[in-house]
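Beneath this line is the structure, given in structure tokens, with notes to follow.
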Amino acid sequence: MLKEDLINDYVIEVHALKSSALLVGAVDLSEMAKELERLGRIGDVEALENKTPALIDKYKALKPILAEYIDESDKTKAKVSADEIIGVLKRLHDCVDAFDIDGMDECMKELDNFYMPDNICGMQEKLRLYVDDVAMEDIMRMTKEMIDCLK
């Protein structure tokens, strides 16, 4: 059962899935995610609960097909220390303070090249959405949360 206080997080996740699915040519999955994003934005919890299992099934069916590509991309990412990731997150935080949007984008590009520990992978996806939307308060909060998790 989806809790109403988690609907915003749900919307962020299906928004990311919608975009990612479209990028890999999974148009049906993208359309399903688009519909669930719309339902989440209007707060239709019942419809979300009814339609989410089909989306998850479609996602799971594609995951093994794409796994070899995902694994390859992870191999090209740099394995860096938590301190290095924290350094970039602090720079991102500073860019937000200075309203340096180009600097924010550069920090995200750098983070995208790092292999992220499992405990912050999901956070990185949310952070990327916040940076894309220039959601300053959310970026500040998420960078702090990620730094705290890495310490």
Side-chain angles (χ1 to χ4, degrees), residues 2-41 43 48 51-96 100-151:
L2 184 62
K3 295 181 181 178
E4 289 188 31
D5 60 335
L6 296 177
I7 290 178
N8 188 49
D9 290 339
Y10 180 94
V11 169
I12 290 168
E13 294 296 328
V14 294
H15 174 82
L17 179 60
K18 174 186 75 175
S19 302
S20 298
L22 198 55
L23 284 172
V24 298
V27 178
D28 290 345
L29 181 61
S30 179
E31 288 298 318
M32 291 173 81
K34 180 179 179 180
E35 173 65 7
L36 290 172
E37 180 182 15
R38 184 188 69 75
L39 292 169
R41 289 193 191 281
L48 290 176
K51 293 184 177 203
T52 297
L55 175 111
I56 291 171
D57 289 344
K58 187 165 282 289
Y59 170 77
K60 285 181 179 178
L62 288 172
K63 196 172 178 181
I65 296 167
L66 299 173
E68 68 181 87
Y69 302 105
I70 294 168
D71 290 341
E72 286 299 315
S73 68
D74 281 348
K75 290 178 184 175
T76 63
K77 293 186 178 205
K79 294 190 182 200
V80 298
S81 70
D83 288 338
E84 289 176 271
I85 297 170
I86 289 170
V88 177
L89 290 169
K90 285 181 177 179
R91 281 201 334 262
L92 176 57
H93 195 93
D94 292 343
C95 288
V96 172
D100 178 3
I101 295 173
D102 291 334
M104 292 165 41
D105 289 337
E106 288 301 315
C107 288
M108 283 310 301
K109 284 179 188 174
E110 193 171 345
L111 289 171
D112 286 340
N113 289 319
F114 294 163
Y115 181 81
M116 290 291 170
D118 291 338
N119 64 330
I120 65 166
C121 278
M123 292 176 170
Q124 183 186 6
E125 293 300 318
K126 288 180 184 178
L127 180 62
R128 181 177 297 110
L129 292 173
Y130 295 149
V131 169
D132 289 346
D133 291 343
V134 193
M136 305 302 230
E137 290 177 14
D138 292 324
I139 297 168
M140 299 293 260
R141 180 183 46 80
M142 187 59 63
T143 54
K144 183 183 178 326
E145 284 180 33
M146 291 173 76
I147 289 169
D148 290 345
C149 285
L150 289 166
K151 287 184 176 177

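Numbering of residues begins at 1 and proceeds along the displayed sequence.
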Partners meeting side chain to side chain contact (heavy atoms under 4.5 Å, CB included) with Leu129 (sequence neighbours left out)
Ile12, His15, Ala16
Mind listing the side-chain donor-acceptor pairs of residues 83-92 below 3.5 Å, one per line with the distance, residues two or more places apart or on another chain?
{"from": "Glu84", "atom 1": "OE1", "to": "Ser81", "atom 2": "N", "distance (Å)": "3.1"}
{"from": "Glu84", "atom 1": "OE1", "to": "Ser81", "atom 2": "OG", "distance (Å)": "3.4"}
{"from": "Arg91", "atom 1": "NH2", "to": "Glu110", "atom 2": "OE1", "distance (Å)": "2.3"}

Does Lys144 have any salt bridge (charged side-chain N to carboxylate O under 4.0 Å, His left out) partners at least two apart in sequence or in another chain, and if so, which?
Asp148
Can you name the residues that form a side-chain hydrogen bond (donor to acceptor under 3.5 Å, both in side chains) with Glu145, not counting sequence neighbours?
Arg141
The criterion is side-chain hydrogen bond (donor to acceptor under 3.5 Å, both in side chains); which residues satisfy it with Thr52, sequence neighbours excluded?
Tyr10
Any non-hydrogen side-chain atom of Asp9 less than 4.5 Å from a side-chain atom of Lys126?
yes
Residues forming a salt bridge (charged side-chain N to carboxylate O under 4.0 Å, His left out) with Glu31, sequence neighbours excluded:
none
Heavy-atom nearest pair, Ala21 first then Ser30, reads CB-N, 3.7 Å
Within the 4.5 Å heavy-atom criterion, are Met116 and Leu111 side-chain neighbours or not?
yes
Can you sort out the partners of Asp105 under salt bridge (charged side-chain N to carboxylate O under 4.0 Å, His left out), two or more places apart, ordered by chain and number?
none
Return the minimal non-hydrogen interatomic distance between Gly43 and Ile7, and the atom names on each side.
CA-CD1, 4.4 Å
So do Leu150 and Ile147 actually touch side chain to side chain, heavy atoms under 4.5 Å?
no
Can you name the nearest heavy-atom pair linking Tyr59 to Leu17, along with the distance?
CD1-CD1, 3.9 Å
Does a side-chain heavy-atom distance below 4.5 Å link His93 with Met142?
no
Could you tell me whether a side-chain N or O of Asn113 sits under 3.5 Å from a main-chain N or O of Lys109, the two making a donor and an acceptor?
yes
Under the salt bridge (charged side-chain N to carboxylate O under 4.0 Å, His left out) definition, can you give me all pairs with a residue in residues 10-28, not counting sequence neighbours?
Lys18-Glu37
Measuring from Met104:CE to Asp132:CG, what's the distance to the nearest 0.5 Å?
9.0 Å
Listed partners of Glu35 passing side-chain hydrogen bond (donor to acceptor under 3.5 Å, both in side chains), at least two apart:
Arg38
Enter the distance from Ser20:OG to Leu62:CG here, rounded to the nearest 0.5 Å.
12.0 Å
Among all residues two or more places apart in sequence or in another chain, which pass the side-chain hydrogen bond (donor to acceptor under 3.5 Å, both in side chains) test with Asp133?
none
I'd like to check the side chain to side chain contact (heavy atoms under 4.5 Å, CB included) partners of Asp112; sequence neighbours left out, ordered by chain and number.
Met108, Gln124, Arg128
Which residues pass the side chain to side chain contact (heavy atoms under 4.5 Å, CB included) test with Asn119, sequence neighbours left out?
Pro117, Cys149
CZ of Phe114: more than 12 outside heavy atoms within 6.0 angstrom?
yes
